[in-house]
Amino acid sequence: MTEKTLAIIKPDAVRKKFSGAILARYEKEGFRIRAIKMRALSKAEAEGFYAVHRERPFFSSLVSFMVSGPVILVVLEKDNAILDHRTLMGATDPAKAEKETLRALYGESIEYNAVHGSDSGETAAFEIPYFFSTVELIG
Ligand code: CMP
């Protein structure tokens with residue numbers, strides 16, 4: 001089934017100039033880019049986006065990281081996009097991620113892990129409209 005998922009190239013990866021390599025990899029792996037923009041997130045935007053994690057001990061650190069520099073927000077589409085993007089990203093902790101996954105290649109720690117991806121259809125249905133309006137989405 002054709003699905004859309006939200007990807008975020010996080011501040012660490014943007015700072016290290018990995019954005020181009022990550023976007024190229026998405027296209028190589030068969031994802032279509034349906035919307036894209038660079039944003040400097042506000043604290044409130046980052047807190048709202050990660051609201052499910054607000055009770056976690058790492059929440060305030062995660063929010064500080066996500067506002068530490070611009071991010072690239074991307075809507076990706078393909079068959080099985082949500083799971084396939086999670087497989088392509090690898091485990092949350094880059095040290096545990098499979099070789100050649102985005103986090104193994106570009107992440108440096110469980111927090112500075114280069115990319116985010118929606119983890120379910122329900123999450124994608126919250127995350128995509130959080131950042132993109134209908135007129136900004138192709139297809
Ligand atoms: P992401 O997939 O964007 O979802 C939540 C983020 O919180 C995660 O990637 C990491 O950046 C961060 N995170 C998850 N677990 C931890 C942890 N144990 N310590 C610090 N940051 C974490």
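Positions are given from 1, in the same order as the sequence printed here. Every number for a ligand or one of its atoms is a count from 1 in the order of the listing.
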If you count the atoms of ligand 1 from 1 in the order shown, which ones are under 4.0 Å from a heavy atom of His116?
1 (P), 2 (O), 3 (O)
Check whether any heavy atom of Lys10 sits under 4.0 Å from an atom of ligand 1.
yes
Does ligand 1 have an atom that lies less than 4.0 angstrom from a heavy atom of Tyr50?
yes
Ser61 and Ser64: side chain donor to acceptor below 3.5 Å
no
Identified side chain to side chain donor-acceptor pair (under 3.5 Å) partner of His116 from the options Glu127, His85, Lys10
Glu127
Is the closest heavy-atom distance from Arg86 to ligand 1 below 4.0 Å?
no
Apply ring-ring contact (aromatic ring centres under 6.0 Å, His included) to the pair Tyr50 and Phe59, showing each step before the final yes or no.
CA-CA 8 Å; Tyr50 279 123; Phe59 181 70; 7.7 Å; no
Between Asn113 and ligand 1, which residue portion shows a heavy-atom distance shorter than 4.0 Å: side chain, backbone, both, or neither?
side chain
So does Lys96 have more than 12 non-hydrogen atoms from other groups sitting under 6.0 Å from NZ?
no
Under 30°, 30 to 60°, or over 60°: which ring-plane class applies to Tyr26 and Phe31, parallel, tilted or perpendicular?
perpendicular
If you scan protein heavy atoms around atom 10 (C) of ligand 1, the nearest is Ile110 O, 3.2 Å
Just by distance, no angles: are the side chains of Thr101 and Glu98 close enough, under 3.5 Å, to form a donor-acceptor pair?
no
At under 4.0 Å between heavy atoms, is it the side chain or the backbone of Arg103 that contacts ligand 1, or both, or neither?
side chain
Give the atom numbers and elements of ligand 1 that come within less than 4.0 Å of a heavy atom of His53.
4 (O), 5 (C)
Assess whether a salt bridge exists between Arg39 and Glu45, defined as any Lys/Arg side-chain N lying under 4.0 Å from an Asp/Glu carboxylate O.
yes
Looking only at protein heavy atoms, which one is nearest to atom 20 (C) of ligand 1, and how far off is it?
Phe58 CB, 3.4 Å
